[in-house]
Chemist: 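First the structure, which I've put down as C-alpha cells, then a few questions once you've had a look.
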Amino acid sequence: MIFSSIEFLLLFLPVFLIFYWLSPDKIKNVVLLAGSLIFYTFGEPKYLVLLMVSVLANYFTGLRLEQMPRQKGKQNKKKKIKYDRKRKRVFITAVVINIGVLAVCKVVFDENALPLGISFYTFQILSYLIDVYNGEQRKETSFVCFATYVTMFPQLVSGPIVSYGEVREHLYKREFNARKLQEGLKVFTLGLASKVLLADRLGLLWREVQVTGFESISTPLAWLAAAAYSMKIYFDFYGYSLMAVGLGRMLGFELPENFRTPYMSGSVREFYRRWHITLGRWFCRYIYIPLGGNRKGELRTVLNLLAVWGLTAIWHGSTENFLIWGMLLWLLIVFERQLEALGAGRILRGPLRAIPHLYLWAVIPVTWICFAVTDISQLHIYLGRMFGVTEGIRVSARDWIRALQTYWYLFGIGVLACTPVLQRLFRKWKDSVAGTLILVALFWLCVWRLQVEGNNPFMYFRLF
C-alpha cells in the first residue's frame, strides 16, 4: 500500500483516523502501532517478522546501553569501568548486526525485492542506539513508544529519517484536534498533487525515451528527458515527504522538513544540504563529524567526504551506477571547494551571479542519469548521446520538438514549482476559502487520475 493509492486514500486512512480519533489518549500509541503494522502488512507481509524482530532486539539493546550513574569510591570506579566495557561490546555488536542485516539484504535481494523500508528504519534505529550510548538520549523503557517510533506509518517506508529526540515528547503527549487534522490534510494534498500531477506525468517522457532506446534519441531529447527525470525524482520524493509531514501533523507529530527548494541552489554541495535533508544530517552527524569533519585539514576533509559519499552511494543501491553517481558528486563537491578556496565567489557579482545556478541545472541532470540507468553499457550510450559523442541509430532530429510540444506545460509548472513561489502561495492562501476549495479540487483530481491510470509507486518506495 502506498500513500498515492485509492486503497490508502479512501479506505485505510479514513478508517484509521476514525479509530485514532475515538481512542483515548493513553492508547493512541497502541492504535498507531497497530495501524502501522497493518499498513506494512498490506505492502510487505513476508518481511513483517524481520521488522518486528529488529524492533524487539534493538529495544532490549537500548535498555542495556544507558550509562551507569556516576558514584564516588574506588569500588564503584572499577565497577563502572567494567560496566562501560560491557556497554561498548553490546553497542558494537548491535551496530554490526544492524548494518550486517542491511548489507546482506542489499547484496542478496534484487533492488525491487528489498524488505520494505529497511534502509530507513535501520538508520532510525542506529541513530537511537548511538544517541543512547553517547548519553544524548535516555533509553526508552516503553516498548510501545519505541516500536511506534520505528514503525510509524507516515515515515516507515521512505522517511524522513527521524531522530528519537525529535518525537519523544510527542510520543507521550501530543495535540490531536480538528485544526491539526485540517492542516495536515492540506500539506498532504500538496504532496499528493506533486506526486500524481507532476512526478507521474513528467515520468511519461522518461518512459517514452526508455521504450524508444537511448541510441535512437537526439542530443536535445537526451537533455530534455534528463531534465524530466530530474524533476520526476524531485516531485516524487518531495511529494512523499510532504505527505509524510502532513500525515504526521494529522496524528499530532511534527516530522522534520526533508526538502528546501534544492534546485534554487548555486552548487552541488548546497543542493545536497537542501535535498533529502534528514539523510544528509544523519551522515553528517554519525559519519562525517566523527571522522573529523573539516577540522583536520583539506586532505582529511576530502577523504572524509569520500567516505560519506561512498557510503551514501552504497545506501542507495548495490549496482555500479550508484557508485558512479556517488563518486561523481564527490568530485564535483571537491572541485567546488577548490574554486571557493581560490576566491571564485568574489568575482561572481551582478549578472555573473546566475552562473552557479546555470551550472547546477546543467550538472544535476547528468548525475541523475547516472542514478537512473543501472545498466553500465546503457549509461555509456545515454551519456554519449547527451554530449554527442556516441553515434545514434535511426535518430529523428525533431524528436525533442515533438516532446516539447507534448510536455511544455508540465516543464513550465515544474520549473515554477522548483522555486519558492508555489510554497509561498500555499502558505498565504491555504487557510482562505479559495485556497481550501483549490486544495479540495486538487485532491479529487488526483483521486480521479489514480482511478483512471492506476497506482504508480514512489521511486524511493522499493529502492530502499
Side-chain angles (χ1 to χ4, degrees), residues 88 91-108 111 114 118-134 136 159-163 237 256 258 262 265 267-341 360 363-364 366-372 374 376 379 460 463-464:
K88 189 173 184 178
F91 171 70
I92 292 173
T93 302
V95 169
V96 169
I97 290 174
N98 278 286
I99 294 176
V101 170
L102 178 58
V104 167
C105 289
K106 290 277 188 181
V107 172
V108 172
E111 284 175 9
L114 277 173
I118 188 169
S119 295
F120 287 93
Y121 69 71
T122 298
F123 268 35
Q124 288 205 172
I125 287 169
L126 286 172
S127 73
Y128 167 78
L129 295 178
I130 294 169
D131 289 348
V132 171
Y133 178 76
N134 289 333
E136 296 175 16
I161 299 171
V162 184
S163 68
F237 198 19
N258 215 18
S265 306
S267 67
V268 173
R269 182 167 52 166
E270 183 187 357
F271 181 90
Y272 278 98
R273 287 174 179 166
R274 298 163 71 164
W275 173 285
H276 204 343
I277 294 169
T278 57
L279 178 64
R281 180 183 65 180
W282 196 98
F283 275 109
C284 181
R285 182 174 180 180
Y286 299 114
I287 303 295
Y288 182 66
I289 291 176
L291 287 174
N294 60 0
R295 304 186 303 275
K296 298 185 178 182
E298 184 61 20
L299 178 59
R300 182 66 176 271
T301 300
V302 168
L303 292 176
N304 291 343
L305 288 170
L306 176 61
V308 166
W309 280 103
L311 291 171
T312 302
I314 293 169
W315 186 82
H316 279 86
S318 58
T319 51
E320 294 174 347
N321 67 298
F322 289 107
L323 189 59
I324 294 171
W325 169 76
M327 293 304 95
L328 178 57
L329 291 171
W330 171 70
L331 287 172
L332 288 168
I333 290 170
V334 170
F335 171 70
E336 291 170 1
R337 287 181 61 86
Q338 304 317 307
L339 285 181
E340 187 178 298
L360 181 85
V363 300
I364 286 297
V366 176
T367 65
W368 281 132
I369 291 302
C370 296
F371 185 94
T374 57
I376 299 301
L379 175 60
Y460 272 50
L463 195 56
F464 312 114

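Computation of the quantities below employed the complete heavy-atom set of this structure, encompassing side-chain atoms and omitting hydrogens, waters and symmetry-equivalent molecules. Start at 1 with the first residue, then count along the sequence.
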Chemist: Run T122 and N98 through side-chain hydrogen bond (donor to acceptor under 3.5 Å, both in side chains) and show every step you take.
Modeler: CA-CA 7 Å; T122 298; N98 278 286; 5.3 Å; no

Chemist: Can you confirm whether K106 sits close enough to I118 that some side-chain heavy atom of one is under 4.5 Å from a side-chain heavy atom of the other?
Modeler: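 Result no, sub-4.5 Å side-chain heavy-atom pair not found.
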
Chemist: Can you name the one residue among I364, I333, V363 that meets side chain to side chain contact (heavy atoms under 4.5 Å, CB included) with F271?
Modeler: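 Passing option: I364.
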
Chemist: In the structure I gave you, are the side-chain heavy atoms of S119 and L102 within less than 4.5 Å of one another anywhere?
Modeler: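 Contact flag for S119/L102 side chains = yes.
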
Chemist: What's the shortest heavy-atom distance between L305 and R337, and which atoms?
Modeler: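 Where L305 meets R337 most closely, the heavy atoms are CD1-CD, 3.8 Å.
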
Chemist: Suppose we screen for side chain to side chain contact (heavy atoms under 4.5 Å, CB included). Which residues come up paired with R273, at least two apart in sequence or across chains?
Modeler: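 Only R269 meet the side chain to side chain contact (heavy atoms under 4.5 Å, CB included) criterion with R273.
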
Chemist: Using the ring pair (Phe, Tyr, Trp, His ring centres under 6.0 Å) rule, pick out the option among Y128, Y286, W315 that qualifies with F123.
Modeler: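 Between F123 and the candidates, ring pair (Phe, Tyr, Trp, His ring centres under 6.0 Å) is satisfied uniquely by W315.
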
Chemist: With sequence neighbours excluded, what pairs up with E136 under the salt bridge (Lys or Arg N to Asp or Glu O under 4.0 Å) test?
Modeler: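 E136 satisfies salt bridge (Lys or Arg N to Asp or Glu O under 4.0 Å) with R285 once adjacent residues are dropped.
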
Chemist: Is any side-chain heavy atom of L329 less than 4.5 Å from a side-chain heavy atom of W325?
Modeler: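 L329 vs W325: side chains touch.
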
Chemist: Please list, chain by chain and in numerical order, all residues satisfying side-chain hydrogen bond (donor to acceptor under 3.5 Å, both in side chains) with S265, sequence neighbours excluded.
Modeler: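 Result, side-chain hydrogen bond (donor to acceptor under 3.5 Å, both in side chains) vs S265: none returned.
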
Chemist: Test your reading of the model: is there a side-chain donor-acceptor pair from H276 to the backbone of Y272, 3.5 Å cut-off?
Modeler: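 Flag not set: sc H276 to bb Y272 has no pair under 3.5 Å.
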
Chemist: Once rounded to the nearest 0.5 Å, what's the spacing between atom CG of D131 and atom CG of L126?
Modeler: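 Rounded to the nearest 0.5 Å, the CG-CG separation comes to 10.5 Å.
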
Chemist: Looking at every non-hydrogen atom in both residues, tell me the closest pair between Y288 and T301 and how far apart they are.
Modeler: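 Closest approach of Y288 to T301, heavy atoms only: OH-CG2, 3.5 Å.
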
Chemist: Residues in side chain to side chain contact (heavy atoms under 4.5 Å, CB included) with I287, at least two apart?
Modeler: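 Here the qualifying residues are W282, F283, L291, V308, L311.
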
Chemist: Any chance you could measure N321, atom CG, to I369, atom CD1, to the nearest 0.5 Å?
Modeler: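 Between N321 CG and I369 CD1, I get 11.0 Å after rounding to 0.5 Å.
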
Chemist: How far apart are the closest heavy atoms of G326 and A313, and which atoms are they?
Modeler: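 Closest heavy-atom pair between G326 and A313: CA-CB, 4.1 Å.
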
Chemist: State, to 0.1 Å, how close C284 and P290 come at their nearest heavy-atom pair, and which atoms those are.
Modeler: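 Nearest pair, atom of C284 first, then P290: O-CD, 4.1 Å.
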
Chemist: Give me the atom names and distance for the closest heavy-atom approach of E320 to I376.
Modeler: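 Scanning both residues completely, I find the closest heavy atoms to be OE1-CG1, 3.2 Å.
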
Chemist: Considering all heavy atoms of both residues, which atom of P256 and which atom of P160 are nearest to each other, and what is their separation?
Modeler: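 Minimum heavy-atom separation between P256 and P160: O-CG, 3.7 Å.
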
Chemist: With a 4.5 Å cut-off on side-chain heavy atoms, are V162 and F120 touching?
Modeler: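 They are not in side-chain contact.
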
Chemist: Backbone N or O of N294 within a donor-acceptor pair of the N304 side chain at under 3.5 Å?
Modeler: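 No, N304 side chain to N294 backbone: no donor-acceptor pair under 3.5 Å.
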
Chemist: State the CZ-CD1 distance between F322 and I324, to the nearest 0.5 angstrom.
Modeler: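 If we round to the nearest 0.5 Å, F322:CZ and I324:CD1 are 11.0 Å apart.
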
Chemist: If you measure from CZ on R274 to CG on N258, what distance do you get to the nearest 0.5 Å?
Modeler: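 The CZ atom of R274 sits 14.0 Å away from the CG atom of N258.
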
Chemist: Rounded to the nearest 0.5 Å, how far does CD1 of I161 lie from CG of L279?
Modeler: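 Separation between the atoms: 4.5 Å.
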
Chemist: Are E336 and V268 close enough that some pair of their side-chain heavy atoms sits under 4.5 Å apart?
Modeler: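 Sidechains of V268 and E336: in contact.
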
Chemist: With side chains defined as the heavy atoms from C-beta onward, is the minimum distance between E340 and S267 less than 4.5 Å?
Modeler: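 No, too far: nothing below the 4.5 Å cut-off.
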
Chemist: By side chain to side chain contact (heavy atoms under 4.5 Å, CB included), which residues pair with K88, not counting sequence neighbours?
Modeler: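 For K88 the side chain to side chain contact (heavy atoms under 4.5 Å, CB included) partners, ignoring immediate neighbours, are I92, Y133.
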
Chemist: Suppose we screen for side chain to side chain contact (heavy atoms under 4.5 Å, CB included). Which residues come up paired with Q338, at least two apart in sequence or across chains?
Modeler: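 For Q338, the residues satisfying side chain to side chain contact (heavy atoms under 4.5 Å, CB included) (neighbours in sequence not counted) are E298, V334.
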
